[in-house]
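One structure is given below, encoded as structure tokens.
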Amino acid sequence: MDKEGHVLNAIALGIGLGFILEPSGTMETLRAVVAVTIPLSLGALFPDVDTAFGKHRKTLHNLPVLFLFLVFPVVFGNLQYVWIGVLTHYVLDIVGSKRGIALFYPLLSDEYGFPTGVTTSSKFANVVTLVITGLELAVAAVIIHVLPQYVDLPTAAEITNAVL
């Protein structure tokens, strides 16, 4: 996907996650949307910084970079949703794009992708992005609202209170 697709995904995902975390439709929902969308958007755009240096879809499109963003909030106590933006960037580039990404770079330069993707210049790129975003939101809703019934995970309210 191109930058437009990653921004579209981040904004739609941020709004959707805000409503999943705080479905009341009140000012608390708006607060959740903003709290999620801004860091998620930063994370969604970060991997493409490698277009300015290094090798695009390799240097910042790999599992070690994702790991760094997963541990960042634990170490520094902020930017809890940035890693989701990075992860969804990877998902779009793997599932939505023909090219894929080098998940195991710098160990391997092989790029991995699914045959489901389109070229970044395709007129269907935004449709593919929105379909993938819908699937990501469905997974998030299951993790936040369904899974805790079966596994001892934090509830949406606990997640929201911890972040906000």
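Hydrogens, waters and symmetry mates play no part in the numbers below; they use all other heavy atoms, side chains included.
- Taking CG of L13 as the reference point, atom CG of L130 lies at 11.0 Å (rounded to 0.5 Å).
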Requested in this report: Would you please test L103 and I94 for side chain to side chain contact (heavy atoms under 4.5 Å, CB included) and show each step?
Outcome: CA-CA 9 Å; L103 281 173; I94 292 170; 4.0 Å; yes
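- Side-chain contact check for V33 versus F19: some heavy-atom pair is nearer than 4.5 Å.
- Rounding to the nearest 0.5 Å places CD1 of I38 at 8.0 Å from CG of L42.
- Hydrophobic clustering (side-chain heavy atoms under 4.5 Å, transitive across Ile, Leu, Val, Met, Phe, Trp, Tyr) keeps I15 apart from I84.
- For P39 against V34, the heavy-atom pair with the smallest separation is CD-O, 4.2 Å.
- Residues S97 and L92 are not in side-chain contact: their nearest non-hydrogen atoms beyond the backbone lie 4.5 Å or more apart.
- Dense packing is recorded around CZ of F53, with more than 12 heavy atoms of other residues, nucleotides or ligands lying under 6.0 Å away.
- I143 and P148 make their closest contact through O-CD, 3.2 Å (heavy atoms, listed as atom of the first residue, atom of the second, distance).
- Between the CG atom of L60 and the CG atom of D48 there is a distance of 9.0 Å, given to the nearest 0.5 Å.
- Panel note: side chain T88, backbone G85; a donor-acceptor pair is recorded below 3.5 Å.
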- Walk me through it: do V7 and E4 pass the test side chain to side chain contact (heavy atoms under 4.5 Å, CB included)? CA-CA 5 Å; V7 170; E4 177 185 327; 5.9 Å; no
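- Considering Y105, F104, Y90 in turn, F104 is the only one that fulfils the ring-ring contact (aromatic ring centres under 6.0 Å, His included) rule with Y112.
- D93 contributes atom CG, which lies 9.5 Å from atom CG of D2 (distance to the nearest 0.5 angstrom).
- Under the side-chain hydrogen bond (donor to acceptor under 3.5 Å, both in side chains) criterion, E111 pairs with K58, R99, sequence neighbours left out.
- Taking both residues in full, the closest heavy atoms of N62 and P64 are given as OD1-CD, 3.1 Å, listed atom of the first, atom of the second, then distance.
- Under the 4.5 Å side-chain contact rule for hydrophobic residues, F76 and V74 do not share a cluster.
- A donor-acceptor contact closer than 3.5 angstrom links the side chains of H61 and H89.
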Report, one line per pair, each donor and acceptor closer than 3.5 Å where one atom sits in a side chain of residues 133-140; sequence neighbours left out.
from, atom 1, to, atom 2, distance (Å)
T133, OG1, N9, ND2, 2.6
T133, OG1, T129, O, 2.7
E136, OE1, N9, ND2, 2.9

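- The main-chain N or O of A10 is never found under 3.5 Å from a side-chain atom of S41 such that the two would form a donor-acceptor pair.
- Under a hydrophobic clustering in which Ile, Leu, Val, Met, Phe, Trp and Tyr are joined whenever their side-chain heavy atoms come within less than 4.5 Å, directly or via other members, V75 and L70 fall into the same cluster.
- Atom CG in L87 sits 12.5 Å away from atom CZ in F69 (nearest 0.5 Å).
- Inter-residue side-chain proximity for F46 and V65 is flagged as met; some heavy-atom pair is nearer than 4.5 Å.
- Closest heavy-atom contact between L108 and A102: O-CB, 4.3 Å.
- Cluster membership for Y81 and I11, using ILVMFWY side-chain heavy atoms within less than 4.5 angstrom, is not shared.
- Residues V95 and L8 do not share a hydrophobic cluster, defined by chaining ILVMFWY side chains whose heavy atoms lie under 4.5 Å apart.
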- Task: Determine, step by step, whether K3 and T51 satisfy the side chain to side chain contact (heavy atoms under 4.5 Å, CB included) criterion, reporting the C-alpha distance in whole Å, the side-chain angles of both residues, the deciding distance to 0.1 Å, and the verdict.
- Result: CA-CA 11 Å; K3 287 178 184 72; T51 58; 4.2 Å; yes
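- Shown here for S24 and E22, the closest heavy-atom pair between the two residues is OG-OE2, 3.0 Å.
- Note that CZ of R57 is 9.5 Å distant from CG of D50, once rounded to the nearest 0.5 Å.
- Side chain of S122 to backbone of V118: no donor-acceptor contact under 3.5 angstrom is found.
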